[in-house]
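Structure, as structure tokens:
To find a chain, count down the sequence lines: A is the first, B the second, and so on, and within it residues start at 1.
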Protein chains: 2
Amino acid sequence: MERTYIDLASNPIASPTKIKILEAAIELFSKRGFSGASVRDITNEVGIKESSLYKHFKNKDEILETIFAFFRKEADKILPPMEHLDFIAEKMNLVEFLERGMQNFKRHLDDEINQKIWRIMYIELFRHPMAKDIYRNGIVKRTVDCLEVVFAKMIERGKMVTRDPKRLAIEYQYPLYPIIVEYNLLMSEGKSTEEIDAQVIEHIRYFADQCGVTS
Amino acid sequence: MERTYIDLASNPIASPTKIKILEAAIELFSKRGFSGASVRDITNEVGIKESSLYKHFKNKDEILETIFAFFRKEADKILPPMEHLDFIAEKMNLVEFLERGMQNFKRHLDDEINQKIWRIMYIELFRHPMAKDIYRNGIVKRTVDCLEVVFAKMIERGKMVTRDPKRLAIEYQYPLYPIIVEYNLLMSEGKSTEEIDAQVIEHIRYFADQCGVTS
DNA sequence: GTCTATAGTAAGATAGAC
DNA sequence: GTCTATCTTACTATAGAC
């Protein structure tokens with residue numbers, strides 16, 4: 001998996017050591033939280049001395065911020081660009097659209113690094129402004145907005161029931177959040193997530209049915 | 001607000017100092033997480049020396065465990081006892097039942113201490129076995145089970161649409177979780193939560209409507 | 001059950017040689 | 001950009017007097 005981390009000025013990170021530090025930090029923060037994992041733990045994992053870390057990051061906080069900056073970019077990739085929504089509403093039916101969206105999201109969440117950062121997000125949600133902002137605006141709000149636009153266009157085209165598209169967007173999307181939490185919990189325990197896939201399929205079917213679409 | 005904390009052997013805690021320690025810990029853990037708040041921070045808040053704390057708790061971990069033990073008991077109070085469900089399904093209609101349930105839950109969540117412990121729960125969810133267990137079994141599973149039973153009985157009585165009651169229970173309950181997260185976020189920021197109440201009302205109305213009940 | 005005192009470890013971070 | 005060495009502070013926890 002080739003990945004492009006970025007620094008706080010949005011420039012790609014080339015240094016292999018800096019990347020190793022980031023990935024060790026992601027691993028440790030996701031298991032013990034930011035304050036539960038020390039700079040010493042991180043550098044031990046990487047195989048450098050503590051003092052060397054400070055050539056790459058000005059302090060411990062900057063590591064976390066860099067992780068969140070990367071994750072914001074990753075979260076952006078989950079949804080299709082706004083310019084495509086017209087095309088999507090034109091060419092796809094409701095169930096195709098929802099299933100495609102889930103596939104996209106699963107691809108995002110099957111990445112081990114993203115998964116770990118999700119866990120860091122939960123841990124830091126109430127404390128760190130970037131975690132809060134990414135969750136609220138980068139994920140929840142953006143997704144609702146995207147769904148709302150597509151649903152509105154589909155309603156126009158008679159592809160689904162006539163109802164407030166924003167309400168539909170919320171009712172479709174919100175149930176997925178506790179499912180994602182459970183998915184992350186199962187993954188962190190190394191357990192099977194088959195049950196989750198079934199849940200998602202049932203939810204899509206239920207929703208489509210409510211919308212006058214028989215899949 | 002009179003509250004009964006319990007120790008790890010389930011005995012009520014009488015010592016005022018021990019209670020002060022718990023409440024200071026709840027405050028600090030909810031803001032900084034378990035590993036982000038030190039024993040020193042807690043005792044400073046209480047007004048005792050660090051060494052005195054160890055007369056009340058054998059170590060720092062035991063404080064967190066005691067908090068979770070209390071919360072498990074609090075979570076039990078959110079739902080009506082299983083023996084009442086027959087009566088409920090008999091006497092109430094769907095919307096009454098859901099609204100009553102939300103009032104109950106709001107009463108739980110309007111308690112400042114419970115709110116803070118919810119935040120601790122999120123922070124420790126991936127790390128602490130008790131947090132995991134309370135979330136999964138004490139909250140999510142228990143609520144789904146309760147809803148499923150009541151929905152099944154209401155379907156029997158023709159009070160709502162004939163559908164898999166478990167699916168209905170999930171579709172009703174799951175959307176509430178991200179709403180609870182947002183409620184907790186807003187409260188922790190000292191912001192207004194009116195928007196949340198409106199969300200919940202709209203969700204209940206939407207759900208009832210899907211179930212062939214016009215409220 | 002509180003205190004003072006202290007042990008022993010671990011934390012984040014810097015100086016300066018190479 | 002890595003190292004050794006070090007600083008300073010903070011951490012959990014215990015011993016023992018009152």
Once you round it to whole Å, what is the distance between [atom2] of [N] and [atom1] of [X]?
X: A/Leu53; N: D/dC3; atom1: CG; atom2: P; result: 11 Å
X: B/Asp41; N: D/dT12; atom1: CG; atom2: C1'; result: 13 Å
X: A/Glu62; N: C/dG12; atom1: CD; atom2: P; result: 15 Å
X: A/Phe57; N: D/dG1; atom1: CZ; atom2: C1'; result: 14 Å
X: B/Tyr54; N: D/dG16; atom1: OH; atom2: C1'; result: 17 Å
X: A/Asn59; N: D/dT9; atom1: CG; atom2: C1'; result: 16 Å
X: A/Ile42; N: C/dA10; atom1: CD1; atom2: P; result: 16 Å

What does [X] touch in the nucleic acid at a heavy-atom separation under 4.0 angstrom: a base, only the sugar-phosphate, or nothing?
X: A/Thr17; result: sugar-phosphate
X: A/Ser38; result: sugar-phosphate
X: A/Lys60; result: sugar-phosphate

Can you find a donor-acceptor N/O pair under 3.5 angstrom joining the side chain of A/Arg40 to the base of C/dA11?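 In this structure, the two groups form a donor-acceptor pair.
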Quick one: the side chain of B/Ser51 and the base of C/dC3, do they pair up donor-acceptor inside 3.5 Å?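 Such a pair is found, so the answer is yes.
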Please state whether the rings of A/Phe70 and A/Tyr5 are parallel, tilted or perpendicular, taking 30° and 60° as the class boundaries.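 Aromatic pair A/Phe70/A/Tyr5 classed tilted.
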Taking the six-membered ring for Trp, are B/His108 and B/Phe105 parallel (under 30°), tilted (30 to 60°) or perpendicular (over 60°)?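 Tilted, since the angle between the ring planes falls between 30° and 60°.
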Within 45 degrees of the axis of the six-membered ring of B/Phe29 and under 6.0 Å from its centre: does B/Lys116 put its NZ or CZ there?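 No - B/Lys116 does not lie over the ring of B/Phe29 by the 6.0 Å and 45° rule.
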Nearest heavy atoms of A/Glu124 and A/Phe68, plus distance in Å: CB-CZ, 4.2 Å
Which heavy atom of B/Ile123 sits nearest a heavy atom of B/Gly33, and at what distance? CG2-CA, 4.0 Å
Using heavy atoms to find the nearest nucleotide of DNA chain C for A/Glu50 and A/Lys55 separately, return the residue whose nucleotide is more 5′.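 So the residue in question is A/Glu50.
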Can you identify which nucleotide, out of [options], has its nearest atom closest to the [X] side chain?
X: B/Ser52; options: C/dT14, D/dT2, C/dT2; value: C/dT2
X: B/Lys49; options: D/dC3, C/dT4, D/dT12; value: C/dT4
X: B/Ile48; options: D/dG1, C/dA13, C/dT2; value: C/dT2

